[in-house]
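Each residue takes its place number in the sequence, starting with 1.
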Amino acid sequence: GKDVSIRLTAPGPFLAERPMYFSYTGFGAPGWTGGHCVIGSTGTAGEWFFAEGYTGGGFQEWLCLQNPGDEVAAVQIDYFTQEEGHLAPRVVDVPARTRLNVRVNDNAGPGYQLSCRVRVLLGSEIVVERPMYFSYGPGWSGGHDVVGLHR
C-alpha cells in the first residue's frame, strides 16, 4: 500500500526491470487492470524527455521523479502540446532520497496530447519515468510505462 522507488547497485554490469500488476480504481476511472514493465535507468541525469502522453478522458498520465541524491532537486517540467504549443513551465521540488509523483492530468491540465521535458534547475540529478493508465472504448483498460530519454 505504499509508493516506493529503489536504487540498485552491483560490482559489475547488470540489467534490472520492474514488472508491475495492478487493479486500480479512482480518479473517475471505472478501473484499470493489467500490468506493465519498465527497464531500470542506467543512471541519473539533469534533463529527461518524453515524446508522448495524453491527458484526455479515460487516461491518467504520471511522472515519477526519483531523487537518490543528498540534496533537494528543483525541477522544471515543460509540456509541449498539440493543442496549445508550449505551456507555462511548472516547477516542483523533489526532496533528497525520495520520489515525487506528478499527476500530469492536473499539472498540465486535461485534454492534451503532449510531450514533456523534465529539467533539474538546481540540486541533485534525478531519474524520471512516465506511467500511464487508461480505459479506452469498451473492454480496453490497462497501462504502460517508460523511462525517459536523458542527457
**Asked** With hydrophobic residues grouped by side-chain heavy-atom distances under 4.5 Å, do Leu65 and Val147 end up in a single group?
**Response** yes

**Which atom of Gly143 lies closest to which atom of Phe134, heavy atoms considered** = N-CE2, 3.5 Å

**Prompt:** Hey, would you say the His36 and Tyr21 ring centroids sit under 6.0 Å apart?
**Reply:** no

**Asked** What's the shortest heavy-atom distance between Asp70 and Arg97, and which atoms?
**Response** OD1-NH1, 3.0 Å

**Distance in Å, Thr55 OG1 paired with Asp106 CG, rounded so as to fall on 0.5 Å steps** = 9.5 Å

**Asked** Arg103 versus Gln60: any side-chain heavy-atom pair under 4.5 Å?
**Response** yes

**Message:** Looking at Glu52 and Ser115, would you say the former's side chain and the latter's main chain have a donor-acceptor pair under 3.5 Å?
**Reply:** no

**Asked** Do Asn67 side-chain atoms and Val94 backbone N/O form a donor-acceptor pair below 3.5 Å?
**Response** yes

**Asked** Does any N or O in the side chain of Ser124 come within less than 3.5 Å of the main-chain N or O of Glu71, such that one atom is a donor and the other an acceptor?
**Response** yes

**Message:** Assigning hydrophobic clusters by single linkage (Ile, Leu, Val, Met, Phe, Trp, Tyr; side-chain heavy-atom cutoff under 4.5 Å), is Phe80 placed with Val92?
**Reply:** no

**Message:** Is there a path of hydrophobic side-chain contacts, each under 4.5 Å between heavy atoms, that joins Phe59 and Leu114?
**Reply:** no

**Prompt:** Is the shortest heavy-atom distance from the side chain of Glu83 to the side chain of Gln113 under 4.5 Å?
**Reply:** yes

**Fill in**
Value for CG (Leu63) from CE (Met132), rounded to nearest 0.5 Å, stands at 9.5 Å

**Item:** No-hydrogen, no-angle side-chain donor-acceptor test under 3.5 Å, Arg99 and Asn101
**Value:** yes

**Item:** Minimum heavy-atom distance between Asp78 and Arg119, given as atom pair plus value
**Value:** OD2-NH2, 4.1 Å

**Prompt:** Do the side-chain N and O atoms of Arg90 and Gln76 include a donor-acceptor pair separated by under 3.5 angstrom?
**Reply:** no

**Asked** Regarding Arg117 and His86, is there a side-chain donor-to-acceptor distance under 3.5 Å anywhere?
**Response** no

**Message:** Strictly distance-based, threshold 3.5 Å: is any side-chain N or O of Ser41 a donor or acceptor partner for the main-chain N or O of Val127?
**Reply:** no

**Asked** Same cluster for Tyr54 and Val118 if Ile/Leu/Val/Met/Phe/Trp/Tyr side chains link at under 4.5 Å?
**Response** no

**Message:** Can you tell me if Arg18 has over 12 outside heavy atoms packed within less than 6.0 Å of its CZ?
**Reply:** yes

**Prompt:** Where is the tightest heavy-atom contact between Ala73 and Ile126, given as atom of each residue plus distance?
**Reply:** CB-CG2, 3.8 Å

**Request:** Search all heavy atoms of Glu125 against all heavy atoms of Ala45 and return the closest pair with its distance.
**Result:** CB-O, 3.4 Å

**Request:** May I ask whether Leu100 and Trp48 are part of the same hydrophobic cluster, defined by side-chain heavy atoms of I, L, V, M, F, W, Y residues being less than 4.5 angstrom apart, directly or through others?
**Result:** yes

**Asked** What pair of heavy atoms forms the shortest contact from Gly56 to Asn105, and how long is it?
**Response** O-ND2, 4.4 Å

**Asked** Using a distance-only test with no angle check, is there a side-chain donor-acceptor pair under 3.5 angstrom linking Glu84 and Tyr112?
**Response** yes

**Request:** Before accepting this row, confirm whether a basic side-chain N of the pair Asp145/Arg130 lies closer than 4.0 Å to the acidic partner's carboxylate O.
**Result:** no

**Fill in**
The reported gap from OG1 in Thr42 to CG in Leu15 (rounded to nearest 0.5 angstrom) is 11.0 Å

**Message:** In the structure I gave you, are the side-chain heavy atoms of Trp62 and Glu129 within less than 4.5 Å of one another anywhere?
**Reply:** no

**Fill in**
Rounding to 0.5 Å, atoms SG (Cys116) and CZ (Phe50) come to a distance of 6.0 Å

**Prompt:** Distance from Leu87 atom CG to Thr81 atom OG1, nearest 0.5 Å?
**Reply:** 5.0 Å

